[in-house]
Amino acid sequence: MFHLRTVHLFKRHFASFLKHNTSAKLMNLCSIYSQFVKGETCIRGYPVEIIIDPTNMCHLRCPLCVTGQRKNERQPGMMPFSEFTTIIDELGRWLYKVRLYSWGESFLHKDLFPMISYVTRSNIGSEVSTNLQQFSPEDADRLIDTGLELLIVSLDGASRDTYQQYRIGGDFDKVVHNVRAITRARAKTKKSLPVVEIQFLVMRHNEHEIDAIRELAGELGADRVRIAPLTLNVRDAGQMGQWLPREEKWSRYDYGKKVDKIYRKRNRCGWLWRSAVINWDSTVSACCVFEGPKADLGSLRQSSFKAVWNNELYQQSRAVFSQKGKTLGQPRTLCAMCKGDPAAKDDRQYGLY
């Protein structure tokens with residue numbers, strides 16, 4: 001599973017590197033990774049990829065999602081378009097990709113199409129992950145015109161009954177119909193974008209449909225399928241028994257040791273050097289794992305990104321992974337708890353968040 005994940009991530013990001021590379025971006029990329037290797041805490045440069053969450057609202061009730069369970073610590077809302085463009089204007093010179101999703105359903109935002117178009121015009125790759133419930137087939141041509149490069153569609157079942165066991169409130173037939181509308185519109189215009197990726201979270205109730213989802217994706221004209229591992233609180237035996245697939249090879253966890261096989265392979269968290277998450281309210285978080293104000297390291301409504309990127313909290317977070325950070329004092333961020341291996345710290349915690 002770790003090898004497959006690496007292959008999928010390479011496919012997702014390498015095309016953006018080739019298409020949007022410039023001398024300024026390449027120099028920044030090399031500088032960032034050099035400082036990552038050295039463990040520098042004050043960064044000369046900018047992230048090469050960011051997540052911007054247009055909204056943290058969603059209409060589905062997925063059982064292991066903090067948004068689906070309406071347990072978000074951050075207030076619900078939508079990013080103003082003017083704040084979005086300000087972010088892109090400040091960081092666009094160095095960015096290879098913007099991922100327009102995090103804790104919500106992006107198509108709920110009325111300005112999502114203009115947001116994608118703005119990213120495209122700024123010579124940056126774009127990516128959206130969606131349940132495709134708030135999409136109309138009539139919008140397929142408009143979506144293609146935005147220049148969106150990657151569309152990830154959550155489809156965790158090859159049949160209606162299986163799909164609805166996790167995507168509670170979702171309509172299987174609507175997703176299928178919308179995917180087909182997008183791939184047909186793309187073929188009609190003779191364009192290659194967006195790449196359509198079907199993402200299938202493997203769970204106990206759907207692992208028998210892995211072959212079927214690959215067949216369905218082919219019928220719909222999707223470009224690829226990602227068989228993805230589920231994330232939950234592995235310390236909770238009830239969650240493991242209810243949701244994790246019976247075949248451990250489809251899981252990110254070692255069932256015997258109850259540890260994450262993916263993240264435990266890392267000695268240092270690259271997110272703090274190469275990426276950032278900007279929430280709908282323009283607060284900045286180190287990564288996309290933990291939800292809510294507890295993960296915030298600064299606010300773009302109060303200062304520039306450059307100022308946040310090297311503020312005390314960011315430097316303390318990087319210091320968790322760096323010998324050079326011992327003089328910065330005791331870290332006060334979530335990174336000190338996570339240490340690059342995110343996991344629930346409470347046996348009673350539902351999900352990871």
Side-chain angles (χ1 to χ4, degrees), residues 5 7-20 49-55 58-60 62 84 95-122 124-158 163 167 170-201 213-214 216-228 288:
R5 179 176 182 272
V7 171
H8 278 290
L9 290 178
F10 180 83
K11 288 180 178 178
R12 281 185 177 182
H13 300 307
F14 190 63
S16 292
F17 170 79
L18 290 179
K19 184 174 182 179
H20 302 290
E49 175 200 33
I50 60 172
I51 290 175
I52 297 181
D53 199 9
T55 178
C58 184
H59 48 293
L60 299 190
C62 303
F84 176 85
L95 292 173
Y96 286 98
K97 177 177 283 190
V98 175
R99 293 157 66 180
L100 286 148
Y101 61 94
S102 187
W103 293 106
E105 170 49 52
S106 299
F107 280 104
L108 286 171
H109 200 297
K110 65 180 179 61
D111 290 325
L112 181 64
F113 289 90
M115 286 176 169
I116 300 171
S117 296
Y118 198 83
V119 170
T120 300
R121 292 196 300 272
S122 301
I124 309 168
S126 55
E127 177 180 317
V128 170
S129 182
T130 174
N131 57 46
L132 217 55
Q133 296 290 325
Q134 295 298 121
F135 187 86
S136 170
E138 290 72 32
D139 286 329
D141 288 328
R142 186 183 174 203
L143 178 66
I144 292 169
D145 288 341
T146 65
L148 178 68
E149 293 185 359
L150 176 60
L151 181 70
I152 304 167
V153 180
S154 297
L155 188 57
D156 311 311
Y163 171 82
R167 300 289 168 178
D171 185 331
F172 172 81
D173 295 323
K174 178 181 286 188
V175 181
V176 169
H177 188 52
N178 284 335
V179 171
R180 185 176 284 116
I182 292 169
T183 57
R184 285 179 174 175
R186 187 183 62 179
K188 182 180 65 177
T189 60
K190 297 183 179 179
K191 294 183 178 179
S192 59
L193 299 176
V195 171
V196 177
E197 177 180 298
I198 301 297
Q199 181 169 272
F200 182 92
L201 292 179
I213 195 67
R214 288 175 171 144
L216 176 61
E219 293 173 1
L220 296 177
D223 300 283
R224 58 181 182 242
V225 177
R226 183 189 177 202
I227 307 301
C288 61

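Given the structure is predicted, the values throughout are model-derived calculations rather than measurements. Hydrogens, waters and symmetry mates play no part in the numbers below; they use all other heavy atoms, side chains included.
- Here CG of D223 is found 9.0 Å from OG of S192. Values are rounded to the nearest 0.5 Å.
- Atom CG of L95 sits about 8.0 Å away from atom CD1 of I52, to the nearest 0.5 Å.
- Taking each heavy atom of L150 and P194 in turn, the nearest pair found is N-CB, 4.2 Å.
- With hydrogens and angles ignored, the 3.5 Å screen pairs a side-chain donor or acceptor of Q133 with a backbone N or O of D171.
- Proximity of T130 to S106: side-chain heavy atoms (C-beta onward) are nowhere separated by under 4.5 Å.
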*Taking it one step at a time, do R167 and L201 satisfy side-chain contact (heavy atoms from CB on, under 4.5 Å)?*
CA-CA 11 Å; R167 300 289 168 178; L201 292 179; 3.7 Å; yes
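- Contact check for Y101 versus E127: side-chain heavy atoms found under the 4.5 Å cut-off.
- Distance check, rounded to the nearest 0.5 Å: CG of N178 to CD of Q134 gives 10.0 Å.
- Within the 4.5 Å cutoff, no side-chain heavy atoms of L60 are placed close to those of E105.
- Exactly one of R186, R184, K188 qualifies for a salt bridge (Lys or Arg N to Asp or Glu O under 4.0 Å) with D141. That residue is K188.
- Classification of the F84-Y118 ring pair by plane angle, with boundaries at 30° and 60°, yields perpendicular.
- The nearest pair of heavy atoms linking F135 to F113 is CE1-CZ, 4.2 Å.
- For the pair D156 and F200, the tightest heavy-atom approach, listed with the atom from each and the gap, is C-CE1, 3.6 Å.
- We find the CG-OG distance between L132 and S154 to be 9.5 Å, quoted to the nearest 0.5 Å.
- Within 6.0 Å of the NE2 atom in H177, the count of heavy atoms belonging to other residues, nucleotides or ligands does not exceed 12.
- Considering only heavy atoms from C-beta on, I51 comes within 4.5 Å of R99 through its side chain.
- Taking CD from E197 and CG from L151, the interatomic distance works out to 9.5 Å, rounded to the nearest 0.5 Å.
- Residue K191 qualifies as enclosed at atom NZ: its count of foreign heavy atoms under 6.0 Å is above 12.
- For the pair L155 and L216, the minimum side-chain heavy-atom distance is below 4.5 Å.
- Residues A222 and T183 come closest through the heavy atom pair N-CG2, 4.2 Å.
- Side-chain contact between D139 and F107 is absent, with no heavy-atom pair separated by less than 4.5 Å.
- Contact between G157 and I213 at its shortest, heavy atoms only, is O-CD1, 3.5 Å.
- Using a 4.5 Å cut-off on side-chain heavy atoms (C-beta onward), S126 and K97 make no contact.
- Here the shortest heavy-atom pairing between S16 and G125 reads OG-CA, 4.1 Å.
- Distance OG1/T55 to CG/L112: 10.5 Å, rounded to 0.5 Å.
- Side-chain contact between N131 and C58 is present, with at least one heavy-atom pair separated by less than 4.5 Å.
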